[in-house]
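Data block below; observations after.
The figures that follow rest on heavy atoms only: side chains count, while hydrogens, waters and symmetry mates do not. All values reported here derive from a predicted model rather than from experimental measurement. Just follow the structure's listing: the first ligand is 1, and inside any ligand the first atom is 1.
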Amino acid sequence: MSLIVQKFGGSSVADAERVMNVASIVTDTYAKGNDVVVVVSAQGDTTDDLIDKANEINPKASKREKDMLLAAGEQISISLLAMAIEKLGYHAVSLLGWQAGFETSSAHTSARIKRVDASRIKREIDKKNIVIVAGFQGLSKYGDITTLGRGGSDTSAVAIAAAMHADLCQIFTDVEGVYTADPRKVKNASKLSEISYDEMLELATLGAQVLNNRSVEMAKKYNIELEVLSSLTKASGTIVKEKSKMEKMLISSVAKDTDVARISVTGIPNVPGLAFKLFTKLSAKDINVDIILQSIGHDGKKDITFTIAKDRIDDAVECLNAYVEAIGAHEVLFDDTVAKVSIVGAGMESHAGVAAKMFEALYDAQINIQMISTSEIKVSVLIDAADADKAVSAIHAKFFD
Ligand code: ADP
Ligand code: ASP
Ligand code: MG
């Protein structure tokens with residue numbers, strides 16, 4: 001007998017028919033003699049709709065109250081799935097995050113899981129129940145409901161798999177696995193049979209939302225093999241694990257992130273210490289900086305350009321404007337019509353010319369590169385957002401056709 005954790009995303013439980021479909025997948029697994037813990041997200045666009053409802057009333061509402069509201073989405077899907085499983089003649093119990101033992105930090109809307117006390121889940125399994133847990137949520141030490149950040153249900157599933165030493169952790173979604181590019185955007189993207197944790201972590205961080213990056217980080221830390229597969233077809237999915245034969249491939253996937261903005265501070269006096277001070281100001285506001293580019297100084301001045309998440313533009317510009325005056329720099333410019341397109345692949349560590357090939361694809365498509373950043377297993381470029389889909393297709397064609 002095995003312990004299997006199965007996670008179903010919002011589209012997999014979007015309506016009554018889909019909920020019954022999930023119930024049949026879960027009960028089939030249980031009927032084969034396995035213990036099953038199921039993690040579900042909110043139905044369809046429920047979380048987005050709840051955010052809209054909050055914004056209608058108070059866009060500046062406290063994060064505690066936002067969490068209270070957002071956590072409600074998952075409560076609906078766990079109870080509906082339990083009812084569906086009961087209808088098929090099996091015993092199920094639904095549990096909210098706190099009932100399932102999810103202890104988190106108190107950083108509302110982006111809480112981190114500190115511990116999963118799985119004793120209640122174990123008791124329910126001993127009672128022969130199929131256990132259904134609300135993803136994306138937990139409880140802070142102050143006794144308040146928290147949420148883990150968008151896409152956080154993947155992390156909930158991996159955390160349960162780690163806490164319970166599960167034999168298998170399956171992430172069911174609306175595509176058949178991890179592809180060489182988003183299969184909804186690139187028609188001839190192909191499914192990968194395997195991908196390493198490191199590559200998947202880069203991909204997830206660079207915008208491929210098929211897995212949440214923190215779930216991959218946790219899977220790597222606890223060595224939990226993940227299987228990403230479709231809840232709608234029976235096709236085999238993609239295995240995410242430590243070492244993958246895919247490492248032989250030059251690149252494994254192309255990703256796009258449009259949640260990015262570019263900021264430049266121009267005419268900074270070319271003396272030591274100002275970059276340090278500038279980025280310290282941003283970090284004091286908890287603003288995460290990604291690609292950074294500094295021009296070679298001329299006439300005693302230099303420019304620093306960097307990228308941040310789109311929703312932090314106002315905070316960043318406000319904080320930098322005050323700073324610009326204080327140090328006699330010229331001005332702060334920003335552009336939120338940019339996108340980051342990246343290639344990821346362990347193969348590029350040992351092959352020359354991968355970046356050149358990517359840049360050639362962009363040149364062929366007449367797409368201008370604004371910024372470049374690299375690591376051992378990825379190359380990212382910042383380009384005009386309007387060119388992003390064209391860029392992904394051109395790069396994908398260059399490497400995979
Ligand atoms: P869920 O609701 O199941 O959590 P998500 O919408 O969060 O599903 O993630 C699945 C989506 O990820 C797919 O529908 C697909 O459009 C997108 N995606 C982006 N990049 C990739 C990729 N490389 N491989 C597979 N899917 C991808
Ligand atoms: N329902 C949450 C969201 O939409 C969590 C998840 O889907 O993983 O972000
Ligand atoms: Mg998701």
Side-chain angles (χ1 to χ4, degrees), residues 6-14 18 22 39-52 66-67 69-78 97 102 109-111 113 133-138 146-159 170-195 199-216 226 228-233 235 237-238 240 246 251-259 341-345 388-389 392 395-396 399-400:
Q6 298 185 317
K7 180 259 167 177
F8 296 88
S11 49
S12 298
V13 290
R18 295 269 173 102
V22 168
V39 174
V40 269
S41 304
Q43 292 185 286
D45 297 328
T46 302
T47 308
D48 289 326
D49 296 344
L50 290 172
I51 291 171
D52 290 346
K66 283 183 183 162
D67 274 355
L69 179 69
L70 294 194
E74 271 68 14
Q75 181 162 358
I76 296 172
S77 34
I78 54 169
F102 274 80
T109 73
S110 57
I113 299 167
V133 178
F136 175 59
Q137 55 176 262
T146 55
T147 65
L148 308 178
R150 298 306 305 271
S153 298
D154 298 334
T155 314
S156 308
V158 177
Q170 296 179 306
I171 309 288
F172 288 87
T173 182
D174 56 357
V175 290
E176 288 183 357
V178 181
Y179 283 69
T180 51
D182 185 340
R184 297 189 185 286
K185 294 279 163 60
V186 178
K187 269 195 249 63
N188 54 348
S190 49
K191 186 168 57 184
L192 302 170
S193 58
E194 293 179 1
I195 186 167
E199 289 170 295
M200 191 62 234
L201 185 55
E202 285 280 14
L203 261 188
T205 307
L206 294 168
Q209 95 253 34
V210 60
L211 279 179
N212 180 273
N213 60 353
R214 275 161 60 189
S215 72
V216 184
L226 304 178
V228 181
L229 68 175
S230 167
S231 61
L232 302 169
T233 72
T238 301
V240 187
M246 287 295 160
I251 76 160
S252 46
S253 195
V254 187
K256 174 187 84 168
D257 184 0
T258 49
D259 177 26
V341 172
S342 310
I343 51 174
V344 172
D389 287 332
V392 171
I395 295 166
H396 188 270
F399 283 94
F400 294 104

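Rounded to the nearest 0.5 Å, atoms CG (D48) and CG (D52) are 7.0 Å apart. Put simply, CZ on R150 and CG on D259 are 11.5 Å apart, with the number rounded to the nearest 0.5 Å. With values rounded to the nearest 0.5 angstrom, L50 atom CG is found 7.0 Å from I76 atom CD1. Atom NZ of residue K191 and atom OG of residue S230 lie 8.5 Å apart, to the nearest 0.5 angstrom. A distance of 13.0 Å separates CG in D174 from CZ in F8, rounded to the nearest 0.5 Å. Atom CD of Q75 and atom CD of Q137 lie 7.5 Å apart (nearest 0.5 Å).
Checked by atom type, the side-chain pair T147/D67 shows a donor-acceptor distance below 3.5 Å.
Residue contact check: P183 has heavy atoms under 4.0 Å from atoms 24 (N), 25 (C), 26 (N), 27 (C) of ligand 1. Within the listing of ligand 1, atoms 22 (C), 23 (N) sit less than 4.0 angstrom from a heavy atom of A181. Remark: ligand 1 atoms within the under-4.0 Å shell around heavy atoms of A208 are 19 (C), 20 (N). Atoms of ligand 2 found under 4.0 Å from any heavy atom of R150 (numbered from 1 in listed order, with element): 3 (C), 4 (O), 9 (O).
Considering both main-chain and side-chain atoms, D154 never comes within under 3.5 Å of ligand 2 through any nitrogen or oxygen pair. Between G151 and ligand 2, an N or O atom pair is found at a separation short of 3.5 Å. Checked against a 3.5 angstrom limit, the closest N/O atoms of R184 and ligand 1 fall inside it. Where the criterion is an N or O separation shorter than 3.5 Å, residue side chain and backbone included, K7 fails it with respect to ligand 2.
In A189, neither the side chain nor the backbone holds a heavy atom less than 4.0 Å from any atom of ligand 1. Contacts with ligand 2 closer than 4.0 Å are made by side-chain heavy atoms of S41 only, the backbone lying farther away. Contacts with ligand 1 closer than 4.0 Å are made by side-chain heavy atoms of S253 only, the backbone lying farther away. Here K7 has side-chain heavy atoms under 4.0 Å from ligand 1, and that is the only part of it that gets that close.
For atom 5 (P) of ligand 1, the nearest protein heavy atom (residue, atom name, distance) is Q209 CG, 3.8 Å. At the top of the distance list for atom 24 (N) of ligand 1, counting protein heavy atoms only, stands Y179 N, 2.9 Å. Residue, atom and distance of the protein heavy atom nearest to atom 21 (C) of ligand 1 are D182 CA, 3.6 Å. Residue, atom and distance of the protein heavy atom nearest to atom 6 (C) of ligand 2 are S153 OG, 3.4 Å.
Heavy atoms of G177 come nearer than 4.0 angstrom to ligand 1 in at least one pair. Not a single heavy atom of G135 sits less than 4.0 Å from an atom of ligand 2. At least one heavy atom of G10 sits under 4.0 Å from some atom of ligand 1. Proximity of S12 to ligand 1 is not established, as no heavy-atom distance is less than 4.0 Å. Proximity of G151 to ligand 1 is not established, as no heavy-atom distance is less than 4.0 Å.
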Apply side chain to side chain contact (heavy atoms under 4.5 Å, CB included) to residues V186 and F400 and explain how you reach the verdict. CA-CA 11 Å; V186 178; F400 294 104; over 6 Å; no

Intermediate values then yes/no, side chain to side chain contact (heavy atoms under 4.5 Å, CB included), K7 and S41: CA-CA 8 Å; K7 180 259 167 177; S41 304; 3.7 Å; yes

Check the pair N188 / H396 against side chain to side chain contact (heavy atoms under 4.5 Å, CB included), numbers first and verdict last. CA-CA 9 Å; N188 54 348; H396 188 270; 4.0 Å; yes

Dump the intermediate steps for side chain to side chain contact (heavy atoms under 4.5 Å, CB included) on K256 and D182, then the final yes or no. CA-CA 9 Å; K256 174 187 84 168; D182 185 340; over 6 Å; no

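Counting heavy atoms only, D174 comes closest to atom 13 (C) of ligand 1 of the residues T173, V254, D174, V392.
For S156, the side chain to side chain donor-acceptor pair (under 3.5 Å) test picks out no residue, with sequence neighbours left out.
The environment of CD in E176 is crowded: more than 12 heavy-atom neighbours from other residues, nucleotides or ligands sit within 6.0 Å.
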